[in-house]
Amino acid sequence: MKEYFKGVDKIKFEGPQSKNPLAFKYYDQDEMVMGKSMADHLRFAVCYWHTFKGLGGDQFGGPTIIREYNSSSDPMQVAEDTMDAAFEFLTKLGVTFWCFHDRDIAPEADNLAETNKRLDKIVAKAKKLQDETDVKLLWGTTNAFSHRRFMAGAGTNPSPEIFAYAACQIKKAMEITHELGGVGYVFWGGREGYDTLLNTDLGRELDHLALLLKMAVDHKKNIGFGGQLLIEPKPKEPTKHQYDFDAGNCIAFLQKYGLMDHFKLNIEANHATLAAHTFQHELAISAANGLLGSVDANRGDLLLGWDTDQFPVDIYDTTLAMYVILKAGGLNPGGLNFDAHVRRQSIDPIDLFHAHIGAMDMFAKGLKVAAKMLQDGAFENEIKQRYAGWSGELGQKIEQGKVGFEELEQYILAKGEPELRSGRQEMLENMLNDYILG
Ligand code: XLS
Ligand code: CA
Ligand code: CA
C-alpha cells in the first residue's frame with residue numbers, strides 16, 4: 001500500500017527529557033493512572049474533516065495545503081486514498097479512535113441514492129481497515145449544513161422537504177455509524193438557528209428540531225444501534241444565534257421535549273469560550289446533570305473570538321478538564337476528539353503529527369496532575385469545609401425541605417448577622433500552580 005506520511009515511524013513515548021519532536025513526552029499509553037491506563041482514560045480520536053479534509057482555506061483565501069491523497073481527478077479515488085492515508089496516520093500516531101461526517105468520507109453525487117451508494121463503498125473500505133488495525137470509530141455525524149439546500153437549517157428549516165432530506169441523511173449516517181461499530185452519534189446543529197427574527201418562527205423551529213431528534217431515537221431502536229446519541233452545543237457561527245447555545249440551553253431543550261434519557265452532550269472547548277464560558281464550566285454543568293458524554297478537545301483564541309479550532313496545548317485547560325472528567329467517572333462511552341486544525345501556514349504533512357503529539361501530551365500531563373489533585377483531596381477538602389454548614393442542623397432542615405420562609409425568618413431574627421468566611425481563591429490558585437509546576 002502507498003505510504004503518505006513518509007519518514008515518520010510509529011510515534012513512541014520517550015519521556016519529558018526527550019528532545020525528539022516526533023516523540024511523546026508525557027503520553028505513555030500503558031502508564032497506569034488511578035487504576036486505568038492513560039489510553040483508557042483519554043480515548044483520543046482524530047477528526048476526519050480537519051485533519052484529512054482541511055486544506056487551510058479561510059474567509060479570505062482558498063486552500064494553502066496540498067495533500068498527495070487529494071490529487072486524483074476522480075473524487076471517489078480521492079475518497080479511497082484519503083481513507084488509506086487516514087488509517088496510516090492513525091496507526092503511526094497510535095490513536096485508537098476516529099470521527100467523521102458522512103460528507104467527509106464520500107463526496108455527494110447527483111442524487112441521494114447514488115450518494116448513499118458511494119458511502120457504502122467507502123464504509124466497506126473503512127470497515128476493512130478497522131478490522132486490519134486497532135482503530136475504532138468514536139462517532140459519526142451528518143453534515144447537514146454545507147450544501148446550499150441547508151442554508152436555512154436542516155431540522156429547523158422552514159421547508160418540510162428540507163426537513164425530510166435532513167432526515168434521510170441522518171438515517172443513513174446513523175446506519176453507517178452502526179455498521180462501523182461507532183461508540184456514539186453526534187448532532188451538531190450546523191445551521192439550526194437564525195440570523196433574524198424578522199423571517200423566523202422560533203418556537204416552531206424548536207418543536208421541529210425536537211421532532212427530528214425523536215425520529216433519530218426511534219431509528220436507533222429500529223436498527224439496534226447501541227451507541228450514545230450526543231448533542232454538541234455551540235452559541236453562534238454559522239448562524240448568529242444557534243438553538244443549542246450552550247450546555248445549559250441543551251439541557252433545558254432535552255427536558256422540555258422529554259429527551260433527557262436519550263442524549264448526552266459532546267462538549268467542545270472552543271464552543272464553550274464562544275458562549276463566554278470556560279471549557280471546565282461546560283464540562284461541569286454537563287456532569288452535574290449526568291449528561292457528560294464526549295469531548296471535542298481543542299481551543300479558541302480569546303483575542304480573535306471566532307471558532308479557530310486550534311490544538312489544545314494549555315496545561316491549565318487540560319488539567320481542569322481532566323479534573324472534571326475524572327470526578328465524573330470518566331468518558332466511556334465517549335473520548336477526546338481533536339476537533340482542531342493546523343494553521344493555514346502549517347502546510348506540511350508532518351505538521352499534523354506535531355499538532356496531535358503536543359495536544360496528546362498536554363492531556364496526558366493534565367490527566368496526571370488532575371489525578372494527583374483528586375488523590376490528595378486538597379481542593380475537595382476546601383470545598384467540603386466551605387459547605388460544612390449544610391451538614392449542620394439548619395442546613396439539613398433546609399435541604400430536607402422541612403422549613404420555609406417563616407421558620408428561616410424566625411431563625412435569623414434570633415441568630416442575627418451570619419458569619420462570613422473567605423473564599424480563598426488566591427490560595428487555591430497558588431495550590432493549582434504548585435500541582436501543575438510540581
Ligand atoms: C463545528 C463543529 C463540528 C461538529 C461536528 O463547529 O465543531 O465540527 O463537531 O459536526
Ligand atoms: Ca466540534
Ligand atoms: Ca469548533
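Just so you know, ligand 1 is whichever comes first in the structure, and atom 1 is the first atom listed for that ligand.
In this structure, D307 is part of the shell of residues with a heavy atom less than 4.0 angstrom from ligand 1. At least one heavy atom of H271 sits closer than 4.0 Å to an atom of ligand 1.
The Ca ion (ligand 2) is closest to atom OE2 of E232 (considering only N, O or S atoms). Nearest to the Ca ion (ligand 3), among the N, O or S atoms that H271 has, is NE2. As for D309, its N/O/S atom nearest the Ca ion (ligand 3) is the one called OD1.
Note on E80 versus K121: salt bridge recorded, some NZ/NE/NH1/NH2 to OD/OE distance being below 4.0 Å. A salt bridge does not link K6 with E3: every distance from a Lys NZ or Arg NE/NH1/NH2 to an Asp or Glu carboxylate oxygen is 4.0 Å or more. Ion pairing between a basic and an acidic side chain is recognised when a charged N comes within 4.0 Å of a carboxylate O; K372 and D376 show such pairing. The residues K368 and E31 are annotated as salt-bridged, a charged nitrogen and a carboxylate oxygen being separated by less than 4.0 angstrom.
Vertex the Ca ion (ligand 2); arms to E268 atom OE1 and D339 atom OD2; angle 90° (nearest 10°).
Under the 6.0 Å cut-off for aromatic ring centres, F5 and F89 qualify, their centroids lying closer than that.
Close approach of ligand 1 to H101 is summarised as follows: ligand atoms under 4.0 Å from at least one heavy atom of the residue are 5 (C), 10 (O). Near E268, with a cut-off below 4.0 Å to any heavy atom, the atoms of ligand 1 are 7 (O). Listed by number with element, the atoms of ligand 1 under 4.0 Å from a non-hydrogen atom of W49 are 8 (O).
Of the residues listed (W98, F24, F311), the one engaging H356 in a ring-ring contact (aromatic ring centres under 6.0 Å, His included) is F311, and it is the only one.
Using a 4.0 Å cut-off between heavy atoms, N266 makes no contact with ligand 1 at all. Under 4.0 angstrom from ligand 1, the non-hydrogen atoms of K234 all belong to its side chain. At a heavy-atom distance under 4.0 Å, only side-chain atoms of D296, from C-beta outward, approach ligand 1.
Between F279 and F363, the angle of the ring planes goes over 60°, which puts this pair in the perpendicular group of the 30/60° scheme. Ring geometry for Y323 against F379 counts as perpendicular: the plane angle is over 60°, on a 0 to 90° scale with 30° as the lower cut. Below 30°, between 30° and 60°, or above 60°: for Y257 and F253 the angle between ring planes is between 30° and 60°, a tilted geometry. Ring planes of Y243 and Y194: tilted class, angle from 30 to 60°.
In terms of polar-atom proximity, D339 is counted as a contact of ligand 1, with an N or O under 3.5 Å from an N or O of the ligand. In terms of polar-atom proximity, defined here as any N/O pair under 3.5 Å, W139 makes no such contact with ligand 1.
Here the heavy atom of the protein found nearest to atom 3 (C) of ligand 1 is W188 CE3, 3.6 Å. In terms of protein heavy atoms, atom 9 (O) of ligand 1 is closest to E232 OE1, 2.7 Å.
At a cut-off of 3.0 Å, D296 is counted among the residues with an N, O or S atom near the Ca ion (ligand 2).
Side-chain atoms of T142 and Q169 form no donor-acceptor pair, as typed in the model, at a separation below 3.5 Å.
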